[in-house]
Amino acid sequence: MAQLPLFPASIIGSLPRPAGVRELVTGNRDREESGYRIEMETAIRDVVAMQEEAGLDVVSDGEWWRKSYIGVVAELAHGFELSRNPVDGRPWTIVVDRLSPREPGFIAREVAFLKTLTQRAIKTTLPAPALLGERMWDAEKSAAAYPTREDFIRDCVPILRQEVEILAQSGAAIIQIDDPHLCLFVDDRVRADYAHPDQAADFSVDMNNQLIDGIEGVTMAVHLCRRAGARVRGEADHTGGFEKIMPQLRRLAAGHVTLEFTAPGAGDFSILSQLPVETQVGLGCVSCQPGQVDSVDAIVGRVETALEYLEPERITLNPDCGFAPGSAADVSLEEVRQKLKNETSAARILRDRYT
């Protein structure tokens, strides 16, 4: 892997799926069938080439192998069933039985294929344990296996930890734990739903740290966002500054934390000065809101505001969140291409100014 430059330009993880990829992922075809794999490999070659052409220093496969980002844990463990969310009818993977290992290395195989396509640094992602508990445990359907949400979350940890250990040997440069659940505690409306919000946020951090502690030779990162998928689906955003969860952020064992700053209500950049000095920051400086393409100057301006509180060597440029909030989300890949080009153009300007 090449050494990353100053102000590396990175992807968060997911990328929009063209219609053909959405049909592959959401259809009933056998994933191990050779025709399926050939079509998906061809699509991933194209999206990796797009990222390289845009100039990114850190790339992903768009998470296109996964039927569902959250549901990828069902590839790693038995104990889940696929049903429909009664609220909105969307597919819903839910725990109904005690977890047991199913296919360790599933995510590592994503990295293995990606390594055949690129010399750029590779990022791979996993959902945080507390996020899985928030989305996949149901008081009625899951209680026979796991009486409480916390019981289920704790049982997710060894499954995910095993995958992290395999990934640490896979050649990925960055293993990112995505934890939008922790970031919800920036919102006073969310905090009001918990008798002890700080205790719940601490629990999320403790579970993440069990995945991270002792992993060497790879950058361990935690990504926090305010559920960018809600913006695509027209749902309410979560607002509030990161100061509400700064005690938790300071306890994370991750060497890299990605935080969004383009969304309204995200708070002031000055909060960055409160992070541990050894923590690298993935700066959310590119909007993932559909229809909003930030100019190069706007991206540079956000980074330069952050530079009032962080040294240049600590900053990675990235979008606020992934660009494909759901396997069937219809988001323009061409629009994303332009956003990434603007991100890398901003990175080049910043290198010229601060090298």
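Quantities reported herein were computed from a predicted structural model and do not represent experimental measurements.
In terms of hydrophobic clustering, with Ile, Leu, Val, Met, Phe, Trp and Tyr side chains grouped at heavy-atom distances under 4.5 Å, Val95 and Leu126 are assigned to a common cluster. Residues Val257 and Leu317 are members of one and the same hydrophobic cluster, defined by side-chain heavy-atom contacts under 4.5 angstrom among Ile, Leu, Val, Met, Phe, Trp and Tyr. In the hydrophobic cluster analysis, where Ile, Leu, Val, Met, Phe, Trp and Tyr join through side-chain heavy atoms closer than 4.5 angstrom, Leu132 is grouped apart from Trp92. Following chains of ILVMFWY side-chain contacts shorter than 4.5 Å, one can reach Tyr354 starting from Val296, so the two form part of one hydrophobic cluster. Under the 4.5 Å side-chain heavy-atom criterion for ILVMFWY residues, a single connected hydrophobic cluster contains both Leu340 and Val303.
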Stepwise side chain to side chain donor-acceptor pair (under 3.5 Å) test for Asp179 and Asn208: CA-CA 9 Å; Asp179 197 351; Asn208 289 338; 2.8 Å; yes

Please lay out, stage by stage, how Asp320 and Thr262 fare under the test side chain to side chain donor-acceptor pair (under 3.5 Å). CA-CA 7 Å; Asp320 268 353; Thr262 75; 2.4 Å; yes

Would Ser204 and Gln248 count as a side chain to side chain donor-acceptor pair (under 3.5 Å) here? Give the steps. CA-CA 9 Å; Ser204 180; Gln248 286 77 29; over 6 Å; no

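Of the charged side-chain nitrogens involved, at least one lies within less than 4.0 Å of a carboxylate oxygen, so that Arg29 and Glu33 count as a salt-bridged pair. By the 4.0 Å N-to-carboxylate-O rule, Glu150 lies too far from Arg154 to be salt-bridged with it. Salt-bridge annotation for Lys244 and Asp187: absent, with no side-chain N of the basic residue lying under 4.0 Å from a carboxylate O of the acidic one. A salt bridge does not link Glu63 with Arg17: none of the charged nitrogens is closer than 4.0 Å to a carboxylate oxygen. Lys341 has a carboxylate O that lies under 4.0 Å from a charged side-chain N of Glu53, or vice versa, which qualifies the two as a salt bridge. Between Lys339 and Glu343 there is no salt bridge, since no side-chain nitrogen of the basic residue lies less than 4.0 Å from a carboxylate oxygen of the acidic one. At a threshold of 4.0 Å, the pair Glu75-Lys67 does not count as salt-bridged, since none of the basic side-chain nitrogens sits closer than that to a carboxylate oxygen. The residues Arg251 and Asp213 are annotated as not salt-bridged, no charged nitrogen and carboxylate oxygen being separated by less than 4.0 angstrom.
At distances below 3.5 Å, at least one donor-acceptor pair connects side-chain atoms of Ser14 with backbone N or O atoms of Phe323. In this structure a side-chain-to-backbone donor-acceptor pair under 3.5 Å is present from Gln51 to Ser60. In this structure a side-chain-to-backbone donor-acceptor pair under 3.5 Å is missing from Glu311 to Glu313.
Note on ring orientation: taking the six-membered ring where Trp is involved, the planes of Phe113 and Trp65 are perpendicular (angle over 60°, cut-offs 30° and 60°).
How far CD1 of Ile177 is from CG of Leu160: 7.0 Å, rounded to the nearest 0.5 Å. Here the straight-line distance linking atom OG1 of Thr258 with atom CZ of Phe261 works out to 10.5 Å at 0.5 Å rounding. Distance CZ/Phe269 to CZ/Phe242: 10.0 Å, rounded to 0.5 Å. Put simply, CG on Leu117 and CD1 on Ile44 are 8.0 Å apart, with the number rounded to the nearest 0.5 Å. Within the model, atoms NZ of Lys141 and CD1 of Ile94 stand 5.5 Å from one another, a figure rounded to the nearest 0.5 Å. Separating the CZ atom in Arg149 from the CH2 atom in Trp137 is a distance of 5.5 Å, to the nearest 0.5 Å.
Within a 6.0 Å radius of CD in Glu140, other residues, nucleotides and ligands contribute 12 heavy atoms or fewer.
For the pairing with Asp294, the side-chain contact (heavy atoms from CB on, under 4.5 Å) check across Ile299, Asn342, Val300 returns one residue only, Ile299.
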